[in-house]
Amino acid sequence: MIEVKHLEKYYGSDGTVTKALDDISFISYDGEFLCIMGASGSGKSTLLNCLSTIDCASAGDILFNGVSFDSLKKSELAAFRRHNLGFIFQNYNLLDTLTLGENISLSLLINGAAQGTIQKHIHDIANQVGIGHLLDKLPSQVSGGERQRCAFARAVVNSPKLIFADEPTGALDSASAISLMKIIASLNHTLHSNIFLVTHDALCASYADRVLFLKDGKIFSELVKGEKKNREFYHEILDNISLLGE
Ligand code: ADP
């Protein structure tokens with residue numbers, strides 16, 4: 001469980017201070033697929049950076065299973081990152097000279113997985129994201145959607161507790177984007193991780209369990225999917241975006 005308490009983030013100093021996060025509080029329970037939306041400059045990246053320990057908040061607290069990030073020593077924070085966090089970015093961030101299989105294996109090797117189990121892990125996760133037949137290909141030999149599915153496989157192969165997806169569909173056509181969202185939502189059920197997705201795309205957001213809308217660094221509103229079908233949730237999200245004045 002992630003608990004965010006009165007989070008504030010300021011950039012700059014003296015006369016040129018920007019308040020990027022303004023008293024943000026929420027709880028995300030284990031297994032939640034949470035989407036963060038808002039106009040450019042509303043604080044989405046700053047919030048994601050604080051949640052993923054890439055950046056420190058100026059005030060407030062973030063607790064993971066009751067433990068404050070602030071209370072962790074440098075070495076504890078490094079171990080926390082290695083074992084609990086997975087990332088997926090708009091531009092894939094795959095290593096071009098390694099095959100898809102080797103890209104996925106990197107995060108297992110870094111985490112000290114036993115040699116004998118690595119190939120099985122790679123094949124299992126690759127099959128789940130639909131790239132099992134492409135493991136010997138280089139990133140340049142597959143489509144953008146397949147690259148991103150590989151990046152997602154790499155992000156989740158260690159079963160991290162927190163997965164951060166920053167505009168993962170930004171470079172994809174709409175069919176590949178929806179296919180990726182279906183994979184993320186379905187694997188989320190299996191992994192029971194918390195997923196934090198930043199997207200501008202209401203259709204992609206409709207796959208999440210909940211959407212937080214940021215405006216000027218504050219939580220403007222939130223929508224919970226509950227038992228709604230994607231289409232109904234999608235229209236609710238669109239209505240909220242128009243209220244947001246984007
Ligand atoms: P979003 O991801 O929603 O586009 P950001 O979190 O990037 O929003 O930015 C929130 C606010 O903080 C914006 O006003 C932005 O200009 C400002 N900001 C973000 N990063 C920095 C930085 N490194 N230095 C100064 N201001 C920043």
Side-chain angles (χ1 to χ4, degrees), residues 2-28 32-64 68-70 77 81 85-93 148 151-152 155 160 162-172 174 177 180-181 184 194-225 233-234 236-246:
I2 278 274
E3 194 172 0
V4 177
K5 288 181 168 178
H6 306 294
L7 208 66
E8 307 207 345
K9 175 72 184 178
Y10 302 93
Y11 290 111
S13 56
D14 302 330
T16 55
V17 173
T18 304
K19 198 173 193 178
L21 297 179
D22 185 358
D23 197 18
I24 299 271
S25 295
F26 65 90
I27 290 175
S28 183
E32 186 177 38
F33 181 0
L34 183 69
C35 175
I36 301 161
M37 297 190 90
S40 186
S42 59
K44 304 179 298 294
S45 303
T46 304
L47 178 58
L48 217 60
N49 289 344
C50 292
L51 287 168
S52 59
T53 73
I54 288 172
D55 204 353
C56 289
S58 311
D61 211 355
I62 302 176
L63 295 96
F64 174 66
S68 164
F69 285 169
D70 283 346
L77 200 56
R81 288 184 181 129
L85 308 186
F87 293 91
I88 164 170
F89 305 96
Q90 178 168 339
N91 58 357
Y92 322 120
N93 283 12
Q148 197 58 303
F152 183 63
L162 309 175
I163 296 162
F164 298 94
D166 195 355
E167 290 282 0
T169 59
L172 303 182
S174 54
L180 181 73
M181 280 304 124
I184 292 180
N194 288 65
I195 297 186
F196 299 93
L197 165 75
V198 166
T199 183
H200 282 103
D201 186 325
L203 199 51
C204 291
S206 71
Y207 285 84
D209 298 320
R210 179 162 60 128
V211 183
L212 291 184
F213 295 88
L214 297 191
K215 183 170 185 169
D216 302 329
K218 289 178 185 289
I219 296 179
F220 176 79
S221 57
E222 69 166 50
L223 288 178
V224 176
K225 185 171 186 184
F233 197 39
Y234 166 65
E236 253 190 80
I237 294 167
L238 284 182
D239 289 346
N240 237 267
I241 290 173
S242 52
L243 283 177
L244 208 57
E246 260 193 67

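Remember, it's a predicted structure, so these values are computed and weren't measured experimentally. Counting starts at 1 for both ligands and their atoms, in listed order.
One option in Cys50, Ala20, Gly217, Gly41 has a heavy atom closer to atom 1 (P) of ligand 1 than any other, and that option is Gly41.
Nearest protein heavy-atom contact of atom 7 (O) of ligand 1 is Ser45 CB, 3.9 Å. The protein atom (non-hydrogen) at minimum distance from atom 14 (O) of ligand 1 is Thr18 CG2, 3.6 Å. In terms of protein heavy atoms, atom 8 (O) of ligand 1 is closest to Gly43 N, 3.1 Å. In terms of protein heavy atoms, atom 3 (O) of ligand 1 is closest to Lys44 NZ, 2.8 Å. The shortest contact between atom 22 (C) of ligand 1 and any protein heavy atom is with Tyr11 CD2, 3.5 Å.
Contact annotation: for Thr46 versus ligand 1, heavy atoms closer than 4.0 Å belong to both the backbone and the side chain.
Considering NE2 of His6 and CG of Leu21, their distance stands at 14.0 Å, rounded to 0.5 Å. The distance from the NZ atom of Lys225 to the SG atom of Cys35 is 11.0 Å, given to the nearest 0.5 Å. Between the CG atom of Leu34 and the CG atom of Asn194 there is a distance of 8.5 Å, given to the nearest 0.5 Å. Note that OG of Ser25 and CD of Glu3 are 8.5 Å apart. Values are rounded to the nearest 0.5 Å. Rounded to the nearest 0.5 Å, atoms OG (Ser42) and CD1 (Ile219) are 11.5 Å apart. The line from CG of Leu214 to CD1 of Ile24 is 5.0 Å long, rounded to the nearest 0.5 Å.
Looking at Asp22 and Lys218, a side-chain N of the basic residue comes within less than 4.0 Å of a carboxylate O on the acidic one, giving a salt bridge.
Heavy-atom separations between Gly38 and ligand 1 are all 4.0 Å or longer. The closest approach between Ser42 and ligand 1 falls below 4.0 Å for a heavy atom of the residue.
The only option from Tyr207, Phe33, Phe164 that meets the side-chain contact (heavy atoms from CB on, under 4.5 Å) definition with Leu197 turns out to be Phe33.
Put simply, atom 16 (O) of ligand 1 has no protein non-hydrogen atoms near it, under 4.0 Å away.
Every atom of ligand 1 with a heavy atom of Ala39 under 4.0 Å away is listed here by number and element: 3 (O). Ligand 1 places these atoms under 4.0 Å from at least one heavy atom of Ser40: 4 (O).
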